[in-house]
There are 2 protein chains.
Amino acid sequence: MCGVVEDADLTRLSEMAVECEVAAGTAFIEEGQAADTFFNVTAGTARLIKSLPDGRRQIIGFAGVGHFLGLAVSDIYAFGAEALGPMRLCRFSRAGLRQLLDEFPVMEQRLLAVARDELVAAQEQMLLLGRKTARERLASFLLAYPRAASCPARTEDVISLPMTRADIADYLGLTVETVSRTLTRLRTGRVIAVPSAAMILIRDRATLASIAAGEV
Amino acid sequence: MCGVVEDADLTRLSEMAVECEVAAGTAFIEEGQAADTFFNVTAGTARLIKSLPDGRRQIIGFAGVGHFLGLAVSDIYAFGAEALGPMRLCRFSRAGLRQLLDEFPVMEQRLLAVARDELVAAQEQMLLLGRKTARERLASFLLAYPRAASCPARTEDVISLPMTRADIADYLGLTVETVSRTLTRLRTGRVIAVPSAAMILIRDRATLASIAAGEV
DNA sequence: TCGGGGCATTGATCCAGATCATGGCGGCCT
DNA sequence: AGGCCGCCATGATCTGGATCAATGCCCCGA
C-alpha cells in the first residue's frame with residue numbers, strides 16, 4: 001500500500017527515518033520477503049510488481065514522490081518494488097509506524113482515505129485488464145497516469161514517462177510490441193504525438209477519452 | 001468498498017439501520033448514482049460490477065454476509081451491486097456512518113484493515129487478469145473464492161457457487177464458453193468434479209494449486 | 001568521434017480464447 | 001405433467017494480440 005501524507009506528519013516521520021538512496025533498477029522490496037520495514041518515496045519513481053514463478057510479471061502500480069511502500073497486511077510483502085531511475089527513500093521500521101499512528105490518530109483516517117483511493121484505482125484497473133482492448137488500455141493509461149503520478153507533467157497535455165515500454169506493457173497486461181504498435185497507430189491517427197520515447201503529447205483529448213471509455 | 005465488522009458494532013449499527021429485502025437480480029446500487037446510502041449484507045450474495053458504455057462488464061468482486069457496500073470515496077458509487085439471489089440488507093445513511101465512526105474510533109482501524117485486505121485481493125486479481133491463462137484463472141478462482149466468501153463450503157473441498165457461469169466469466173475476464181470448456185477440461189483431468197452446475201468438488205488440491213500458480 | 005548495448009519499432013506468422021451457432025438439461029410455473 | 005425459458009455444454013470458425021524475427025535509433029562512455 002502506498003499513499004501521500006501531509007508535511008506536518010512528514011516532519012515528525014523524518015525524525016524516525018533513515019534516509020537512503022538506491023540506484024536505478026534496484027529491487028528494494030522483494031515480493032514474499034519478511035515485511036519488517038516500510039518506505040516513503042522522496043525522489044524518483046518505483047514500479048510495483050507481482051510475479052509468477054515462470055517470470056511473467058504484472059505491474060500493479062507506480063509509486064512516485066510522497067507514496068508509502070511496504071505497509072503490508074501480513075508479515076510478508078505482497079509485491080516487490082524496483083527503482084525506475086535513481087531514487088531517494090526514507091526507511092522506517094514497522095514499529096515506528098505503530099508509534100506514529102498512536103501519536104497522530106488522524107493518520108489512521110488519512111491512511112484509510114489513501115487505501116480507498118487505491119482500491120478505487122485498482123477496481124478501475126480490473127475493468128481495464130479484464131475487458132478493454134489494447135487501444136482502450138493505452139488511451140486509459142495516457143489519461144490516468146498523470147493524475148496517479150505525484151509529479152504532474154509541465155502542462156496538461158504533455159506526459160513525461162519515467163518507465164520503459166516493457167513496464168507499460170506489464171502494467172496494461174500487454175506485450176511491448178503491442179504497446180509500441182498501438183502508440184504508433186494513435187500517433188498516425190493524430191490523437192497523440194511522440195516527440196521522444198519518454199514523452200507523449202495529447203493532441204486530441206476528447207478522442208482519447210472516447211477511446212478510453214470504449215466508445216470508438 | 002465492503003468488509004466485515006464485529007458483532008458489538010453491528011448491534012449498535014443495527015439501531016441506525018433500515019432493514020430491507022431485495023429480490024434476486026435486483027440492482028440495488030447503480031454505478032455512477034449519488035452515493036447517499038450504504039449497505040450491510042445480512043443474507044445472500046451480491047455481484048459488484050463495473051461496466052463500459054457498450055455493455056461489457058467486469059465483476060470486481062462478490063459481497064457475502066457481513067460485507068459493507070457503497071462506502072464510496074466520492075459522492076458517486078464507483079461500481080454497481082446486484083443480488084445474485086434473494087438478499088437481506090441493512091440500509092444506512094452516510095451521515096450515520098460518520099456518527100458511528102465518531103462513536104467507535106476503533107472502527108476506523110477496522111475499516112482500514114478491511115480496505116487493505118481488499119486492496120491485496122484486488123492486486124492479486126490484477127495479476128490474474130493481466131497475466132494468467134484461462135486455466136490458471138479458473139484454478140485460482142476455485143482456490144480463492146471459498147476464502148473470500150463469508151460462508152465457506154460444508155467441507156474444505158466442496159465449493160458451492162451462488163453465481164452463474166456468466167458471472168464467473170465476467171469476474172475472470174473470460175467468456176461463458178471458455179469458463180465452461182475450461183471447467184470441463186479440469187473435470188476430465190480429474191482435478192475437480194462437478195456434481196451439479198452450482199457445486200464443484202476439488203479432487204486434487206495440490207494440482208489445482210500448481211495450475212493456479214502457473215507451474216503447469 | 002566512434003562503437004556498443006539497451007530500448008523501440010516494425011514485419012510475418014501463430015494461437016488462445018472470442019465469437020457464432022446448436023443442442024441439451026433442469027427447474028419452475030401453470 | 002407438460003412446456004417454456006434460462007443456463008450450460010460443445011462444436012466450428014475467426015481474430016486481436018502474442019510470438020518470433022529483424023532492424024533502427026539514441027545515448028553514453030572511452
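The analysis underlying the following values was restricted to heavy atoms, covering all of them including side chains, and did not include hydrogens, waters or symmetry mates. Every chain is numbered from 1, with letters handed out A, B, ... down the list of sequences.
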Fill in: Axis deviation across the helix from C:dT1-D:dA30 to C:dT30-D:dA1, five-pair ends, to the nearest 10°
40°

Item to complete: Would you mind listing every salt bridge (Lys or Arg N to Asp or Glu O under 4.0 Å) that reaches into residues 168-197 of chain B, with sequence neighbours excluded?
Response: A:Arg131-B:Asp170

Practice prompt. Answer with yes or no after comparing the ring centroid distance for A:Phe62 and A:Tyr171 against a 6.0 Å cut-off, counting only values under it.
Written response: yes

Discussion item. Measure CG/A:Leu172 against C1'/D:dA18 and give the value in whole Å, please.
Written reply: 15 Å

Worksheet entry | Over all atoms of both residues, closest heavy-atom pair of B:Cys90 and B:Thr42 | SG-CG2, 3.8 Å

Return all side-chain donor-acceptor pairs below 3.5 angstrom for residues 70-83 of chain B, not counting sequence neighbours, or 'none' if the list is empty.
from    : atom 1 : to      : atom 2 : distance (Å)
B:Ser74 : OG     : B:Ile76 : N      : 3.2
B:Ser74 : OG     : B:Ile76 : O      : 3.2
B:Tyr77 : OH     : B:Thr37 : N      : 3.4
B:Tyr77 : OH     : B:Thr37 : O      : 2.5
B:Tyr77 : OH     : B:Thr37 : OG1    : 3.3
B:Glu82 : OE1    : B:Arg47 : NE     : 2.9
B:Glu82 : OE1    : B:Arg47 : NH2    : 2.8
B:Glu82 : OE2    : B:Arg57 : NH2    : 3.4

Response to the item:
The contact string for nucleotides 11-20 of chain C, one letter per nucleotide 5' to 3', using protein heavy atoms under 4.0 Å with B, S and - for base, sugar-phosphate only and none, comes out as BB----SSBB

Worksheet entry | Between D:dC25 (P) and A:Met199 (CE): distance, integer Å | 20 Å

Worksheet item: Taking only residues two or more places apart in sequence, or in another chain, which ones meet A:Arg56 in a side chain to side chain donor-acceptor pair (under 3.5 Å)?
Response: A:Asp54, B:Glu136

Fill in: Separation of C:dT10 C1' from A:Leu183 CG (nearest whole Å)
14 Å

Worksheet item: What do you reckon, are the aromatic ring centroids of A:Phe39 and A:Phe68 less than 6.0 Å apart?
Response: no

Discussion item. Counting C-beta onward and ignoring hydrogens, is there a side-chain heavy-atom pair between B:Pro86 and B:Glu21 closer than 4.5 Å?
Written reply: no

Discussion item. Can you pull out the residues from residues 186-198 of chain B that lie within a 4.0 Å heavy-atom distance of DNA chain C?
Written reply: none

Worksheet item: Which heavy atom of B:Met126 sits nearest a heavy atom of A:Ala122, and at what distance?
Response: CE-CB, 3.4 Å

Fill in: Lys/Arg N to Asp/Glu carboxylate O, A:Arg205 vs A:Asp157, below 4.0 Å
yes

Worksheet entry | B:Asp167 CG to D:dG6 P, straight-line distance once rounded to whole Å | 15 Å

Fill in: Matching residue for A:Val191 among A:Leu142, A:Thr207, A:Ile202, A:Leu183 - test: side-chain contact (heavy atoms from CB on, under 4.5 Å)
A:Thr207

Practice prompt. Using a heavy-atom cut-off of under 4.0 Å over every strand shown, decide if A:Ser180 touches base, sugar-phosphate, or nothing.
Written response: base

Discussion item. Would you say CZ of B:Arg88 has more than 12 non-hydrogen atoms from neighbouring residues, nucleotides or ligands within 6.0 angstrom?
Written reply: no

Discussion item. In this structure, how many angstroms lie between the C1' atom of D:dG6 and the CE atom of B:Met163, rounded?
Written reply: 18 Å

